[in-house]
Amino acid sequence: MFRINYKVTGEDVDDFMVMQNDAYYAYSISAIKNFLHKKGIPSKQLMELDQQLIDREQLDFFKDLMFTQQFFINLDAIELDKDKLNVRNRFFNANNELCASLSLELGYPKILAI
């Protein structure tokens, strides 16, 4: 498991100050990049990861994340398939309450074949 902390910014929220769906995907990609970078893959090679999103499989909400709220992501599961990278991220607020769960499918980045 890999954990990374974030804070909801003004760019992430709608008119009601609730974090939008696209922000969950952006933070998930960011968490994956951070994880892979810590595993030794250079940042320059991770730049193509943004375009590797194949499927936004499932985004489940349990509690809203609001503007300026601190939260963290647990990168729970990474499965390497022949041509895919399957990832599950869970979003928690500062009180350790599960707010959302997101499963993504990414095209198998060539950089991981190294």
Side-chain angles (χ1 to χ4, degrees):
M1 183 179 345
F2 178 74
R3 177 180 165 160
I4 189 163
N5 297 308
Y6 293 103
K7 183 177 183 178
V8 180
T9 67
E11 298 172 354
D12 303 328
V13 297
D14 60 16
D15 292 340
F16 300 103
M17 299 297 168
V18 176
M19 192 156 99
Q20 300 178 81
N21 291 5
D22 287 343
Y24 286 95
Y25 294 104
Y27 281 115
S28 289
I29 295 293
S30 176
I32 294 165
K33 284 181 175 182
N34 278 303
F35 171 76
L36 294 173
H37 184 69
K38 287 190 189 277
K39 290 295 181 185
I41 297 174
S43 299
K44 187 176 180 182
Q45 290 179 301
L46 293 173
M47 290 161 93
E48 70 182 57
L49 197 59
D50 291 335
Q51 282 123 34
Q52 298 292 328
L53 185 62
I54 293 176
D55 191 16
R56 298 175 178 197
E57 289 185 14
Q58 188 171 350
L59 176 59
D60 296 316
F61 294 102
F62 305 103
K63 190 173 182 112
D64 289 333
L65 284 170
M66 307 298 289
F67 178 60
T68 71
Q69 191 172 14
Q70 300 283 336
F71 68 97
F72 64 92
I73 298 175
N74 275 348
L75 189 73
D76 286 335
I78 293 184
E79 294 177 2
L80 295 175
D81 204 347
K82 290 180 187 176
D83 56 352
K84 296 181 277 192
L85 179 66
N86 297 310
V87 180
R88 184 182 66 179
N89 290 318
R90 295 189 308 155
F91 293 74
F92 293 87
N93 62 19
N95 297 328
N96 233 10
E97 298 169 316
L98 180 61
C99 295
S101 178
L102 173 63
S103 296
L104 295 172
E105 185 176 290
L106 300 163
Y108 189 74
K110 296 173 192 168
I111 54 174
L112 295 180
I114 297 171

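Taking both residues in full, the closest heavy atoms of A100 and Y24 are given as CB-CE2, 3.6 Å, listed atom of the first, atom of the second, then distance. Taking every heavy atom of both residues into account, F91 and L102 meet most closely at CE1-CB, 4.1 Å.
By the 4.5 Å heavy-atom criterion applied to side chains, S101 and F62 are counted as neighbours. Side chains of I4 and N74 form no contact here, defined as non-hydrogen atoms less than 4.5 Å apart. Using a 4.5 Å heavy-atom cutoff, the side chains of N5 and R3 are in contact. Annotation: side chain of M19 is not in contact with side chain of D64 (no heavy-atom distance under 4.5 Å).
Annotation: Y6 is not in aromatic contact with F72 [ring centroid separation under 6.0 Å not met]. Between Y27 and F71, the ring centre distance stays below 6.0 Å.
For the atom pair N34 CG and I73 CD1, the distance stands at 9.0 Å (nearest 0.5 Å). Residue D22 holds its CG atom at 12.5 Å from CD of E11, rounded to the nearest 0.5 Å. Between the SG atom of C99 and the CE atom of M66 there is a distance of 11.0 Å, given to the nearest 0.5 Å. To the nearest 0.5 Å, atom CZ of residue R88 and atom CG of residue L104 are 12.0 Å apart. Remark: D76 CG to R90 CZ distance equals 4.0 Å, nearest 0.5 Å.
The backbone N or O of V13 lies less than 3.5 Å from a partner atom in the side chain of Q20, making a donor-acceptor pair.
With no hydrogens or angles considered, a side-chain donor-acceptor pair links N89 and S28 at under 3.5 Å.
Every residue two or more places apart in sequence or in another chain was checked for a side-chain hydrogen bond (donor to acceptor under 3.5 Å, both in side chains) with D14, and none qualifies. For K63, the salt bridge (charged side-chain N to carboxylate O under 4.0 Å, His left out) partners are E97, not counting sequence neighbours. Listed by chain and residue number, nothing satisfies the ring pair (Phe, Tyr, Trp, His ring centres under 6.0 Å) test with F67 (two or more places apart in sequence, or in another chain).
Cluster membership for V8 and I29, using ILVMFWY side-chain heavy atoms within less than 4.5 angstrom, is shared. Note on L59 and F92: separate hydrophobic clusters, where clusters join Ile, Leu, Val, Met, Phe, Trp and Tyr whose side-chain heavy atoms are under 4.5 Å apart, directly or indirectly.
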From CA spacing to verdict: side-chain contact (heavy atoms from CB on, under 4.5 Å), V18, L65: CA-CA 6 Å; V18 176; L65 284 170; over 6 Å; no
